[in-house]
Structures are given as structure tokens and as C-alpha cells.
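To start, the structure under review is shown below, and the notes come after it.
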Amino acid sequence: MSKKRLDETSKFLSFVLRHEPQAIGLTLDSEGWANIDALISGAAGDGRNLDRTLIESVVASSDKKRFSISEDGQSIRAVQGHSTKSVALQLEEKQPPETLYHGTATRFIDSINQQGLIPGSRHHVHLSEESATASAVGQRYGTVVILKVAAQQMQEQGFKFYQAENGVWLTEHVPVDFISS
Ligand code: HQG
């Protein structure tokens, strides 16, 4: 299986499983699960030739473990990054490390200094345990800036933190007072 084919399919799966399932007539349950056979037939209607082997290879080779397959092998979901309103992952609250990192781009800094970190179109602000990961995330948008988030202090003050299956930390909003560079 070529890397190109895996990458293209991964992007397509992110699109339908996080953002626009309706684009291929797919329904996700509130935990984000889609039936794999329905995904394959919906994709076929969109001119995309997916099969189970390809889907399983994408799940297994995803560098960030973006997707998971249910225990019974019937369903697939994205583990984080959703924007679609139909999904509300039942994430368990978890105690974060003292500091988490957020990688962003210089051009967003003025706005972040005013509003704190906001989720944008996604359901959560995404935070990393490693500054190197945050750096890779921020580079997607331009010259990177790594911000430190006083996560434990936030939690002590009542803010909730969650961790997705792939290790990404999630919270709803990071006010300016808890951000430093
Ligand atoms: C920025 C990828 C202006 C924020 C990555 C970010 C991650 C603000 C952008 C995952 C702001 C949103 C998520 C404010 C935040 N004013 N800009 N007040 N607050 N921002 O893509 O965290 O490959 O939705 O800094 O690796 O970059 O898709 O979030 O630059 O894990 O699996 O607004 O997406 O994973 O961008 O990335 P995004 P993100 P995948």
C-alpha cells in the first residue's frame, strides 16, 4: 500500500469522521462511531474505493493514532479533533500534568493574548505533554510559538481536562492568566 494512498485515505477519514459525515450520507453516534460497511458504501457513492484492508492499514499506520476500531470490528471513529455537532465524546475527566504545551503561529498571538486559547471550530483546545509535539502542531500554521499552559493550576480552579485515547489533552478554554511563553 503506497504512503500516498494511506495519507489520502487518512485525510478523507478525518474529514468524514470529524467534520462532515453527511457529505457521504454517513451517520455517527454520539460517541463518534460509524459503521465500517456504511462508510465503505458511502465513500463508494463519492467515487472513493475503500475497503477494510485499506481502512485497517490507515488506522494501524496513523502516526498520531487518529482513529480507533471498535472491539467487535464493526465500527470506526476519530479519537479527537471533531467539529461536527452530532458527536459529544463522553471523555472522563483526568488530572493533567503541571504544564501542558500548545503550539501556535505568531500571527495568532495578539488574538490569543486577548481571548486566551479557544477551540475554533473544534470541540476543544488541544494541548500536548511534549513541547516538541506542540511545535509540530504550531508549524502547520506558520512561524511557531510554543505556549505553556498552567494546567494543574487551572484544574485546581475548576477547569476540566480530558485525555483522548491517543494522548492528546483537551480542555474547553484556556484563559490568558494561565498562559505563558
Ligand atoms: C489557534 C492536528 C486566534 C490555535 C494537530 C490553532 C493537533 C487562536 C488554531 C490538532 C486562538 C486552531 C489540533 C485565539 C487558539 N485567537 N487563534 N484566541 N485560540 N487559536 O487545527 O491545536 O493532524 O483547530 O493556536 O496535530 O492547531 O488533525 O487546532 O493554531 O493535534 O490529527 O487556532 O489537529 O491533528 O487550529 O490542532 P486547529 P490545533 P491532526
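First listed ligand is number 1; within each ligand, the first listed atom is number 1. Values below: all heavy atoms of this structure, side chains included; hydrogens, waters and symmetry mates excluded.
Every atom of ligand 1 is numbered from 1 in the order shown, and the set under 4.0 Å from a heavy atom of Gln115 is 14 (C), 16 (N), 18 (N). Heavy-atom proximity to Tyr141, at under 4.0 Å, picks out these atoms of ligand 1: 21 (O), 27 (O), 30 (O), 36 (O), 38 (P). Set against the non-hydrogen atoms of Arg18, the atoms of ligand 1 under 4.0 Å away are 28 (O), 32 (O), 40 (P).
The side-chain heavy atoms of Gln115 and Ser111, taken from C-beta on, include a pair separated by under 4.5 Å.
Smallest separation of non-hydrogen atoms from Pro97 and Glu129: CG-CG, 3.9 Å.
Under 3.5 Å, the side chains of His19 and Thr84 contain no donor-acceptor pair of N or O atoms. Checked by atom type, the side-chain pair Gln80/Asn166 shows a donor-acceptor distance below 3.5 Å.
Not a single heavy atom of Gln114 sits closer than 4.0 Å to an atom of ligand 1. At least one heavy atom of Gly116 sits closer than 4.0 Å to an atom of ligand 1.
Using a 4.0 Å cut-off between heavy atoms, Lys11 makes no contact with ligand 1 at all.
Looking at Leu117 next to ligand 1, no N or O pair under 3.5 Å apart turns up. On a distance-only criterion, Gln80 and ligand 1 share no N/O pair closer than 3.5 Å.
With hydrogens and angles disregarded, a donor-acceptor distance shorter than 3.5 Å links the side chain of Arg140 to the backbone of Val137.
The nearest protein atom to atom 13 (C) of ligand 1, hydrogens excluded, is given as His126 ND1, 3.4 Å; this is a heavy-atom distance.
For CG of Asn49, the number of neighbouring non-hydrogen atoms (other residues, nucleotides, ligands) closer than 6.0 Å is 12 at most.
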